[in-house]
Amino acid sequence: MKIVNVVLSGGVGSRLWPLSRKSKPKQYLPIFDNQSLFQKTIKRNAGICNQVMVVGGVDNYELSRDILEKMDVSDYLELVEAAPRNTAAAIAFAALSVPSDAVMLVTPSDHLIGDEEKYQNSLKQAIEMARKGSLVTFGLIPTRPETGFGYIEHKGNEVLGFREKPDLSRAKEFLDKGNFLWNSGMFCFTAGTYLDELQKYEPEVLEKSKVALQNAKDGFLPLELSMEIPSISVDYAVMEKSDKIKVVPSSFTWSDMGSFEALFDYFQPGSKERKGNNLALGTAGKHVEFVGLQHVVLVETPDAILVLNKDNAQEVKKVYERLEKENPGLLN
């Protein structure tokens with residue numbers, strides 16, 4: 001049975017600016033035990049998947065190639081997007097490139113996952129459901145009222161509904177009800193099942209993706225045809241509409257490493273990055289002291305300094321969006 005790990009690596013990690021840049025997004029930063037999140041993703045799924053496919057962007061495909069080469073992974077497939085068209089199209093490109101009965105394990109390249117045995121057990125459950133024609137998502141049992149994630153309401157493996165990122169009071173309500181899971185953004189289905197459902201609910205995405213892929217050269221998708229593809233997430237395009245959805249409630253440790261709050265939690269007290277209840281990143285060779293401050297994150301790069309309270313970590317994206325208009329050079 002062909003099981004393909006489709007690794008989505010086109011994100012820019014805007015909430016981790018200035019560490020994460022367009023030229024080197026967060027998934028390629030070797031700051032997790034001297035490994036990158038991309039590298040950890042490939043390793044983590046190698047035991048179950050017998051094929052790797054990387055769907056990435058034209059700005060950073062060489063970074064993934066370099067990591068795969070250093071890992072001695074030579075038998076991989078690659079699709080390079082000329083411009084980001086969101087996850088529905090990215091997954092369609094992958095599904096159109098493998099046999100229709102191939103099981104696709106679709107994983108972002110920027111997640112940090114622990115509890116290997118629990119993770120593998122969740123994958124095995126999902127693969128069995130996928131082989132029977134389900135579109136499977138992974139829901140994490142929540143450990144706190146998190147406002148940075150979407151939620152899945154469920155009963156066993158049945159999905160009752162999807163919820164947008166909530167405010168704090170709604171997140172607490174979800175936790176109290178006990179039947180809500182964090183939406184991990186990981187999926188498992190056969191290529192044929194996904195394409196059938198995409199045809200049903202977003203046929204234009206499928207048709208335009210087909211045309212772009214047919215005109216790709218050595219895996220590089222053409223810009224002009226790519227821009228004709230509607231930009232929509234797989235959640236909105238298929239997962240929230242289909243009647244074939246299942247969820248695997250999972251208890252492995254998981255973080256999308258999408259904010260400095262997540263990094264704050266990753267680096268433990270006593271590490272060189274953690275200074276008491278504060279965090280200093282990118283300050284190699286410099287002694288840093290925090291006086292009268294708690295839960296502060298200091299980030300330094302050659303051209304930028306960011307200081308924030310970790311409780312305001314989600315607001316870094318607003319800084320990124322403002323710089324896109326005022327000083328885009330700082331994002332490269």
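Computed from heavy atoms alone, side chains included, the values below leave out hydrogens, waters and symmetry copies.
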Enter the distance from [X]:[atom1] to [Y]:[atom2] here, rounded to the nearest 0.5 Å.
X	Y	atom1	atom2	value
T87	M239	OG1	CE	10.0 Å
S14	L323	OG	CG	11.0 Å
L123	F252	CG	CZ	7.0 Å
R21	L29	CZ	CG	10.5 Å
L213	L225	CG	CG	11.0 Å
T190	K2	OG1	NZ	14.0 Å

Is [Y] close to [X] at the side-chain level, that is, under 4.5 Å between some pair of heavy atoms?
X	Y	result
I91	M104	yes
F93	E81	yes
I305	L298	yes
P108	L37	no
V54	L68	yes
V248	V136	yes
Q199	E207	yes
L281	F267	yes

Closest heavy-atom pair and its distance - [X], [Y]:
X	Y	result
N332	S23	C-OG, 3.5 Å
D59	K22	CB-O, 4.0 Å
A88	A237	CB-CB, 3.8 Å
H111	S184	CE1-O, 2.9 Å
K165	G150	CG-N, 3.8 Å
G133	T193	O-CG2, 3.5 Å

Mind checking whether V205 and V234 sit in one hydrophobic cluster, side chains of I, L, V, M, F, W, Y counted as touching below 4.5 Å?
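In one cluster with V205: V234, yes.
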Taking the six-membered ring for Trp and the single ring otherwise, decide whether the centroids of Y61 and F220 are under 6.0 Å apart.
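That pair passes the under 6.0 Å test.
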Any salt bridge linking [X] with [Y]? Criterion: basic side-chain nitrogen under 4.0 Å from a carboxylate oxygen.
X	Y	value
E173	K177	yes
R131	E128	yes
K26	D110	yes
K200	D196	no
E300	K286	yes

Using the rule given for side chain to side chain donor-acceptor pair (under 3.5 Å), can you reason through Q35 versus K43, listing the C-alpha separation, both sets of side-chain angles and the distance that settles it, and then say yes or no?
CA-CA 11 Å; Q35 297 180 62; K43 280 185 176 180; 3.2 Å; yes
Please test L140 against E146 for side-chain contact (heavy atoms from CB on, under 4.5 Å), starting from the C-alpha separation and ending with a verdict.
CA-CA 12 Å; L140 278 301; E146 173 62 55; over 6 Å; no
Look at the side chain of [X] and the backbone N and O of [Y], then say whether any donor-acceptor pair between them is shorter than 3.5 Å.
X	Y	result
N278	L293	yes
Q27	G11	yes
W17	L306	no

Check step by step if side-chain contact (heavy atoms from CB on, under 4.5 Å) holds for M53 and E78.
CA-CA 6 Å; M53 174 183 288; E78 178 185 64; over 6 Å; no
Using the six-membered ring of F149, assess whether NZ or CZ of R163 lies under 6.0 Å from its centre and within 45 degrees of the ring axis.
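No, R163 does not sit over the ring of F149.
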Cation over ring, K310 on F264, under 6.0 Å and within 45°?
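So K310 does make the cation-pi contact.
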Residue that, paired with F138, satisfies side-chain contact (heavy atoms from CB on, under 4.5 Å) out of L181, I152, L105
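One option only clears the test, and that one is L105.
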Give a yes-or-no answer on whether the side chains of [X] and [Y] include a donor-acceptor pair shorter than 3.5 Å.
X	Y	result
S209	R85	no
D115	S251	no
K70	Q39	no
N45	Y119	yes

Take the angle between the ring planes of W254 and W182 and call it parallel below 30°, perpendicular above 60°, tilted in between.
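Aromatic pair W254/W182 classed tilted.
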I would like to know whether S250 and K118 meet side-chain contact (heavy atoms from CB on, under 4.5 Å); could you show each step before the answer?
CA-CA 8 Å; S250 303; K118 290 180 180 178; over 6 Å; no
Go through the steps to decide whether V103 and C188 satisfy the test side-chain contact (heavy atoms from CB on, under 4.5 Å), and finish with yes or no.
CA-CA 7 Å; V103 174; C188 188; 3.7 Å; yes
